[in-house]
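Computation of the quantities below employed the complete heavy-atom set of this structure, encompassing side-chain atoms and omitting hydrogens, waters and symmetry-equivalent molecules.
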Amino acid sequence: MVSSVPFLKMNGLGNEIIVADMRGRADRVTPAAAVAINGDAATKFDQIMAIHDPHTPGTFSYIEIINSDGSLAQACGNGMRCVTQALAEETGEKTFVFETIAGILTGEERADGLITVDMGKPHLGWQDIPLAKPFADTTRIELSAGPLANPSVASMGNPHAIFWVENDVWSYALDKLGPGLEHDPLFPERANISIANVVAPDHIILRTWERGAGLTRACGTAACASLVAAARLGKTGRKATVTVPGGDLVIEWRTDDHVMLTGPAELEFAGTLDPATGSWSSEREDA
């Protein structure tokens, strides 16, 4: 088997993504390779989206999602936009059906170049998020760290805790608070930790500490979870712009319970990598 595979270095609003083409192979991108790739400034990433041959008839491919610490992630909305754009460029198709650990997702490249991903239905029961103990109402739970308290919790295929604040989300030391909250015993699978400020009925400002990746310029599933939680609390309607450090995402929680995420994706450069070791080379001279 040829050791190296093609990859694309992409981003979704600054959420750094590696799209690795593992089709036609039985091996996987190893945790050690992920850590090595992330250790290089040129290929530092938030998630690797590894495209594998489909597991289920009717799907285009199976996507394995790997965090920068080598752990697996169930979902990544920004990464799915990057995968959709890459495959649209490769195939000329516009709509794709993917399978992940979290289930079946669809991605579509729109005529305006933006990508819409159907992220599926949110999971709102404490046992489905999951939490370590029962909470009858997951719109607010008892949890605090420093100035942050009583978050909303939800799952978009991965666990999220959203702390609501009335002032600037940048006034909180999320880099200090995030690691402890991510690993709080309440979250048996760890959690993505967000600080959110609703500035209008259709506008949320959001920062996220991403499970297994740390501070990120954009987290698509966090944007989805924050809109769902805000709508449940009556803070917003079922559609809003969610502004993350990297830019704006549009999130809609449709009446069929599916959450739609719309935003851009950007190609930075292409290359090849060894999925066992993480060694790589670029097709551009300055990488």
N-O pairing of Lys94 and Glu108 below 4.0 Å = no
Give the C-alpha distance, both sets of side-chain angles, the deciding distance and a yes or no for side chain to side chain contact (heavy atoms under 4.5 Å, CB included) between Phe187 and Leu181.
-> CA-CA 9 Å; Phe187 304 115; Leu181 287 165; 5.5 Å; no
Between the side chain of Arg207 and the main-chain N/O of Ile195, is any donor-acceptor distance below 3.5 Å?
-> no
Neighbour count >12 (heavy atoms, 6.0 Å) for atom CD, Glu89 = no
Residue from His183, Gln74, His160 passing side chain to side chain donor-acceptor pair (under 3.5 Å) with Arg211 | Gln74
Could you list the residues that satisfy salt bridge (charged side-chain N to carboxylate O under 4.0 Å, His left out) with Glu16, not counting sequence neighbours?
-> Lys9
Let me see the working for Arg190 and Asp69 under salt bridge (charged side-chain N to carboxylate O under 4.0 Å, His left out), right down to the final yes or no.
-> CA-CA 13 Å; Arg190 300 185 291 165; Asp69 66 357; 3.6 Å; yes
State, yes or no, whether a side-chain contact exists between Arg28 and His52 at a heavy-atom distance under 4.5 Å.
-> yes
Is it true that Arg238 and Glu252 make a salt bridge, defined as a side-chain N closer than 4.0 Å to a carboxylate O?
-> no
Would you please test Glu90 and Arg23 for salt bridge (charged side-chain N to carboxylate O under 4.0 Å, His left out) and show each step?
-> CA-CA 14 Å; Glu90 173 193 319; Arg23 288 173 289 180; 2.8 Å; yes
Should Gln47 and Glu210 be marked as a side-chain hydrogen bond (donor to acceptor under 3.5 Å, both in side chains) after you check the CA-CA gap, both sets of side-chain angles, and the distance that decides it?
-> CA-CA 10 Å; Gln47 276 78 38; Glu210 198 163 348; 2.9 Å; yes
What residues form a side-chain contact (heavy atoms from CB on, under 4.5 Å) with Thr236, not counting sequence neighbours?
-> Val198, Ile204, Leu227, Ala230, Ala231
Is there a path of hydrophobic side-chain contacts, each under 4.5 Å between heavy atoms of I, L, V, M, F, W or Y residues, that connects Leu114 with Met80?
-> no
Measure from the side-chain N and O atoms of Asn158 to the backbone N and O of Ala75, and report whether any donor-acceptor pair falls under 3.5 Å.
-> yes
Should the pair His55 and Tyr62 be assigned to parallel (<30°), tilted (30 to 60°) or perpendicular (>60°) ring geometry?
-> parallel
Cation-pi check, Lys133 onto Trp126 ring (under 6.0 Å, within 45° of axis) | no
Check whether any side-chain N or O of Asn11 sits under 3.5 Å from a backbone N or O of Ala265 as a donor-acceptor pair, and report yes or no.
-> no
Within a radius of less than 6.0 Å around CD of Glu166, do more than 12 heavy atoms belonging to other residues, nucleotides or ligands occur?
-> no
